[in-house]
Chemist: 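Dropping a structure here in structure tokens format, bear with me for questions.
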Amino acid sequence: MENIAEKVAPADRDQTTVYEQLTSRGVSRRDFLKFCGWMSACMGLGPEGLAQVASALETKKRIPVVWMHFQECTCCSESFLRSSHPIVADILLDKISLDYTEVLLAASGHQAEACLKDTITKYKGEYLLCCEGSIPTGEDGAYCCIGGRSAADILNEVAAGAKAVIAWGNCACSGCVQAAKPNPTNAMPIHKVLAGKPIVNVQGCPPIAEVMAGVLVHLLTFDRIPQLDSLGRPKEFYSRRVHDTCYRRPNYDAGLFVESFDDENARKGYCLYKMGCRGPSTYNSCGTIRWNGGVSFPIQSGHGCIGCSESNFWDNGPFYERLAQFPGFGIEKTADNIGLGVGAVTVAGIAAHAVLTNIRKHHEIGEQPGEAASDGPPPPAVDPTKKGGA
Ligand code: SF4
Ligand code: SF3
Ligand code: F3S
């Protein structure tokens with residue numbers, strides 16, 4: 001794997017903009033503008049956002065980034081690096097100045113340590129700290145040590161000079177599988193270990209690559225962190241339930257459900273609610289941006305959502321059991337009642353569902369029902385820069 005620290009020489013790092021980096025790699029102006037338009041749509045900015053995004057990427061210097069890996073499986077880096085969108089994958093490698101990341105550095109040992117120290121010294125107050133993984137706090141942090149120091153120690157040192165912190169993935173945002181009961185390492189999310197820093201929680205196990213790119217583009221464009229929900233997630237990507245953007249939703253509303261994974265209803269693509277789909281309680285962009293360049297997402301491949309962008313999703317009740325049995329859930333009427341009658345009963349049920357969902361959502365993001373900030377234009381279902389799409 002390339003040594004990113006060597007690839008981006010300090011002089012180059014100081015002077016080039018994202019646009020210059022793109023054109024130097026053969027990206028045409030047309031493709032650049034398509035990418036800016038797509039990103040601004042993903043961020044909910046609409047057509048007028050294109051000019052803002054394009055101007056920022058053309059004129060602003062790349063942000064120095066330190067990407068730390070703690071207790072995790074590297075799926076978030078993989079998600080970003082394996083993006084099928086040519087520019088999204090490049091965002092990580094070229095469009096930000098990725099000065100330190102254990103996963104991609106060829107250097108190791110003292111050389112790698114020196115690289116980290118140089119970066120946080122030279123760019124004090126300017127660099128972005130990206131964190132992947134949870135912080136084990138049991139046994140004085142002995143479960144995750146790098147160079148003889150605990151993850152918590154390193155995190156606090158590196159975060160001290162950071163401009164902002166991005167927590168990538170469920171591990172960093174809420175502990176993911178390591179924090180599942182009985183949480184043997186006493187794993188904590190980044191926000192419980194760090195105080196006094198703006199932290200953006202980019203949720204998912206892993207997050208969608210285009211969402212990760214969108215958060216970085218937002219930071220580059222506006223020089224401030226995006227608006228967050230009560231769980232620290234950027235509202236532009238996490239303000240809608242998977243259920244609200246799911247293409248199987250008409251089946252849910254009509255009471256057409258899969259009863260077992262190999263039944264005729266599964267072949268027909270009916271709703272997976274009775275198979276334990278957690279789409280009704282999960283906020284993410286899977287139904288709109290989707291995965292693998294907009295090709296598909298878990299529900300489209302026949303598996304219910306397991307709620308991977310929510311806190312403690314491993315412990316939120318057993319998978320494959322109907323959501324209505326989960327603590328705190330109960331807004332949806334039981335699936336058995338939906339679709340029993342056509343007309344007033346169904347319409348009333350759906351209306352109640354919509355109203356209650358709206359109230360719960362507004363409560364969660366700290367707004368009053370009816371406030372405009374909860375929604376905004378939906379993100380595109382397809383990447384308009386590509387032919388075909390989702
Ligand atoms: Fe889609 Fe799941 Fe909602 Fe059914 S319950 S509409 S499969 S998100
Ligand atoms: Fe974690 Fe769930 Fe993979 Fe990103 S998010 S490392 S496990
Ligand atoms: Fe995760 Fe559910 Fe999307 S499991 S990938 S939030 S459909």
Side-chain angles (χ1 to χ4, degrees), residues 67-82 103 130-135 144 166-180 187 189-190 201-212 233 237-238 240-258 261 265-266 268-292 296-314 316 319-320 322-324 329 331-335 338-339 350 353 357:
W67 187 307
M68 304 300 297
H69 295 263
F70 299 116
Q71 193 166 241
E72 46 106 4
C73 75
T74 319
C75 67
C76 307
S77 294
E78 287 290 332
S79 171
F80 210 150
L81 286 166
R82 307 290 167 211
V103 165
C130 296
C131 297
E132 192 172 343
S134 65
I135 307 297
C144 179
I166 300 181
W168 293 133
N170 205 297
C171 293
C173 299
S174 65
C176 205
V177 70
Q178 311 91 297
I190 300 297
N201 284 333
V202 184
Q203 266 284 18
C205 180
I208 302 170
E210 286 78 358
V211 170
M212 300 171 85
R233 300 175 294 195
F237 299 110
Y238 297 90
R240 284 180 174 74
R241 301 182 307 171
V242 172
H243 189 55
D244 296 329
T245 52
C246 178
Y247 74 103
R248 296 192 189 213
R249 178 61 183 271
N251 291 316
Y252 174 90
D253 291 340
L256 300 171
F257 299 101
V258 174
F261 280 118
N265 292 355
K268 286 178 178 164
Y270 285 175
C271 171
L272 294 159
Y273 178 76
K274 288 188 178 180
M275 305 310 296
C277 180
R278 294 185 190 175
S281 62
T282 301
Y283 292 84
N284 204 346
S285 297
C286 303
T288 49
I289 296 176
R290 305 191 186 182
W291 287 81
N292 301 324
S296 187
F297 71 117
I299 291 167
Q300 196 171 340
S301 65
H303 192 285
C305 169
I306 59 171
C308 79
S309 56
E310 295 298 321
S311 296
N312 311 316
F313 77 100
W314 296 96
N316 287 342
F319 294 135
Y320 307 112
R322 286 162 55 163
L323 202 50
F329 189 76
I331 284 172
E332 322 289 331
K333 280 285 175 200
T334 67
I338 296 172
I350 293 167
H353 154 90
T357 297

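Please read these numbers as outputs of a predicted model, since none were measured by experiment. Both counts, for ligands and for their atoms, begin at 1 and track the order of listing.
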Chemist: Identify, for atom 1 (Fe) of ligand 1, the protein heavy atom at the shortest distance, and state residue, atom and that distance.
Modeler: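 Heavy-atom neighbour on the protein nearest atom 1 (Fe) of ligand 1: Cys246 SG, 2.4 Å.
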Chemist: Return all protein N, O or S atoms below 2.8 Å from atom 4 (Fe) of ligand 2, chain by chain in residue order.
Modeler: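 Result, waters dropped: Cys76 SG.
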Chemist: Check ligand 2 against Gly204 and write out every atom of the ligand that is under 4.0 Å from a heavy-atom position of the residue.
Modeler: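 Taking each heavy atom of Gly204 in turn, ligand 2 has 5 (S) under 4.0 Å.
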Chemist: Return the residue, atom name and 0.1 Å-rounded distance of the protein heavy atom closest to atom 4 (Fe) of ligand 1.
Modeler: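 Heavy-atom neighbour on the protein nearest atom 4 (Fe) of ligand 1: Cys271 SG, 2.3 Å.
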Chemist: Report yes or no: does Cys305 have an N/O/S atom closer than 2.8 Å to atom 2 (Fe) of ligand 1?
Modeler: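 It does not: Cys305 brings no N, O or S atom closer than 2.8 Å to atom 2 (Fe) of ligand 1.
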Chemist: Quick one: does Ser134 get within less than 4.0 Å of ligand 2, heavy atoms only?
Modeler: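 Per 4.0 Å heavy-atom rule, Ser134 does not contact ligand 2.
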Chemist: Which residue owns the protein heavy atom closest to atom 2 (Fe) of ligand 1, what's the atom, and how far is it?
Modeler: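 The closest one turns out to be Cys277 SG, 2.4 Å.
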Chemist: With a cut-off of 4.0 Å, which atoms of ligand 1 are near a heavy atom of Arg249?
Modeler: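 With Arg249 as reference, the close atoms of ligand 1 come out as 6 (S).
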Chemist: Give the numbers and elements of all ligand 1 atoms closer than 4.0 Å to a heavy atom of Leu272.
Modeler: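 Answer, ordered by atom number: 4 (Fe), 7 (S).
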Chemist: Tell me, which protein residue and heavy-atom name are nearest atom 4 (S) of ligand 3, and how many Å apart are they?
Modeler: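 Here the closest protein heavy atom is Ile306 N, 3.2 Å.
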Chemist: Among all protein heavy atoms, pick out the one at the shortest distance from atom 3 (Fe) of ligand 1; state its residue, atom name and that distance to 0.1 Å.
Modeler: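 Answer for atom 3 (Fe) of ligand 1: His243 ND1, 2.1 Å.
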Chemist: State the atoms of ligand 3, each with its element, that fall below the 4.0 Å cut-off from a heavy-atom position in Cys286.
Modeler: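 So the answer, numbered in order with elements, is 3 (Fe), 5 (S), 6 (S), 7 (S).
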Chemist: Heavy atoms only, cut-off 4.0 Å: how does Cys308 contact ligand 3, side chain, backbone, both, or neither?
Modeler: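 The part of Cys308 near ligand 3 is both the backbone and the side chain.
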Chemist: Atoms of ligand 3 less than 4.0 Å from Thr282 heavy atoms?
Modeler: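 Those atoms are 6 (S).
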Chemist: Show me which atoms of ligand 1 lie under 4.0 Å from any heavy atom of Gly279.
Modeler: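 This gives 8 (S) as the contact atoms.
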Chemist: For the pair Glu310 and Arg233, find out whether any cationic side-chain nitrogen is under 4.0 Å from an anionic carboxylate oxygen.
Modeler: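 Arg233 and Glu310: salt-bridged.
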Chemist: Which residue and non-hydrogen atom of the protein lie closest to atom 6 (S) of ligand 3, and at what distance in Å?
Modeler: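 That would be Asn284 ND2, 3.4 Å.
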Chemist: Within a distance under 4.0 Å of any heavy atom of Tyr273, pick out the atoms of ligand 1 and give their elements.
Modeler: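 Numbered from 1, ligand 1 contributes 5 (S).
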Chemist: Could you pull out, from Cys305, Cys246, Ser309, the option with a heavy atom nearest to atom 2 (Fe) of ligand 3?
Modeler: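 Comparing heavy atoms across Cys305, Cys246, Ser309, the nearest one to atom 2 (Fe) of ligand 3 lies in Cys305.
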